[in-house]
There are 2 protein chains.
Amino acid sequence: MASTHKKVSYHPDRADRGHTPLSAASGVEQAIGFLEGRWKLLILFHLFGGKARRFSELERAIPGVTQKMLIQQLRALERDGIVHRVAHHEVPPRVEYSLTPWGQALCPALDSLLAWAAQRPEEAETGEAAPDGANAD
Amino acid sequence: MASTHKKVSYHPDRADRGHTPLSAASGVEQAIGFLEGRWKLLILFHLFGGKARRFSELERAIPGVTQKMLIQQLRALERDGIVHRVAHHEVPPRVEYSLTPWGQALCPALDSLLAWAAQRPEEAETGEAAPDGANAD
DNA sequence: CAGAATCCAGTAAGATACTG
DNA sequence: CAGTATCTTACTGGATTCTG
């Protein structure tokens, strides 16, 4: 996913020839970047309820995740200002994660993405017969 | 993106304990998956104008991309039903890429993501009091 | 011009063990 | 409970070369 991989270390080679919409693309790329990582979305969805979740709760709720991955993505999400982390310094360590206001604002955006994905035509996989005007030059 | 690399071959381990929103997550994950890859969004943005673009046009318009990456992401986009490919079997090979209707429908969704990203508060990085300085990775 | 095939490097993701 | 550290794997992305 957003893929990710790509730490987006990118060339600073933004030659803006043509009508290159790099600025717009950068914004969305960043947004996607915040979400890239195999577990980010799962974590987010578990947090969308509005209630804080403990580390082990999330670990239990997300089947194949390892502590390493969970903490890693949680930290990234926290660093990006999407989730909020609260550590209670008690004898049995308790840490709770919740969404920041900005993180909660992600919900509608994800929802439009979801709506878009739902509109996917069945014949998307098979070759189409070029219905109309599919060329310019 | 998601990085990156995750082919999302995932465990079919969807144990739905709790209120696991795996179904919703899957949809968005898929959607994000369509967009993951370092060049997908750039390509898409160049195609959002509605006009078809030639391979070399895209190659020229996107600074650091290699043919391999371009064709790879273009194929993925095509396979996902987001872009439409038309090959003219002429002596100087000409292939044009354009958005499918569904691909164009992505625009508003990307827009809400963009709007969300734009709302990011400045103090997102430093807002907390860093109770315990433990940090690594 | 458009695309395929190879080889290589960087790194995200996974498993496992250890710690406060 | 909630992490941290280290090793390994495998996939992504990039460079280069070759072809119709």
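Throughout, a chain's letter reflects where its sequence line sits, starting with A, and its residues are numbered from 1. Basis for what follows: all heavy atoms, side chains included, without hydrogens, waters or symmetry-related copies.
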Under 4.0 Å between a side-chain N/O of B:Arg75 and OP1 or OP2 of C:dA4, yes or no?
-> yes
Quick one: is C:dA13 close enough that its OP1 or OP2 comes under 4.0 Å of any side-chain N or O from A:Thr66?
-> no
Between C:dA2 atom P and B:Met69 atom CE, what is the distance in whole Å?
-> 18 Å
Expressed in angstrom and rounded to an integer, what is the separation of A:Ile71 atom CD1 from C:dG14 atom C1'?
-> 16 Å
At under 4.0 Å, does any side-chain N or O of B:Arg54 touch on OP1 or OP2 of C:dA2?
-> yes
Residue met sooner reading DNA chain D from 5', once B:Gln67 and B:Gln72 are mapped to nucleotides = B:Gln72
With DNA chain C as reference, determine whether A:Pro93 or B:Lys68 sits nearer its 5' end, using the nearest nucleotide of each.
-> B:Lys68
B:Arg38 CZ to C:dG10 P, straight-line distance once rounded to whole Å = 14 Å
Would you indicate what B:Gln73 reaches in the nucleic acid, counting non-hydrogen atoms under 4.0 angstrom: base, sugar-phosphate, or nothing?
-> sugar-phosphate
So, for A:Phe45 and A:Trp39, is the gap between ring centers shorter than 6.0 Å?
-> no
Take the protein atom NE2 of B:His89 and the nucleotide atom C1' of D:dG20, then report the distance between them rounded to whole Å.
-> 12 Å
Rounded distance in Å - CD (A:Glu29) to C1' (D:dG13) = 14 Å
Between CG of A:Leu70 and C1' of D:dG3 the distance, given in whole Å, is 10 Å
Nearest-Å distance, CZ (A:Arg60) to C1' (D:dG3)?
-> 16 Å
At their closest point, which heavy atom of B:Ala24 faces which heavy atom of A:Leu114, and how far apart are they?
-> O-CD1, 3.6 Å
Closest to the A:Tyr97 side chain, choosing from D:dG3, D:dC1, C:dA2 | D:dG3
Minimum-distance pair of heavy atoms, taken over all atoms of A:Leu47 and A:Leu99 | O-CD1, 3.5 Å
When you measure from the side chain of A:Thr100 to the backbone N and O of A:Ile82, does any donor-acceptor pair fall under 3.5 Å?
-> yes
Using modelled atom types only, decide if a donor and an acceptor are shared between the side chain of B:Gln73 and the backbone of B:Lys40 within a distance under 3.5 Å.
-> yes
Between C:dG3 atom P and B:Phe55 atom CZ, what is the distance in whole Å?
-> 6 Å
Look at B:Trp39 and D:dT12 and indicate whether a side-chain polar atom (N or O) is within less than 4.0 Å of OP1 or OP2.
-> no
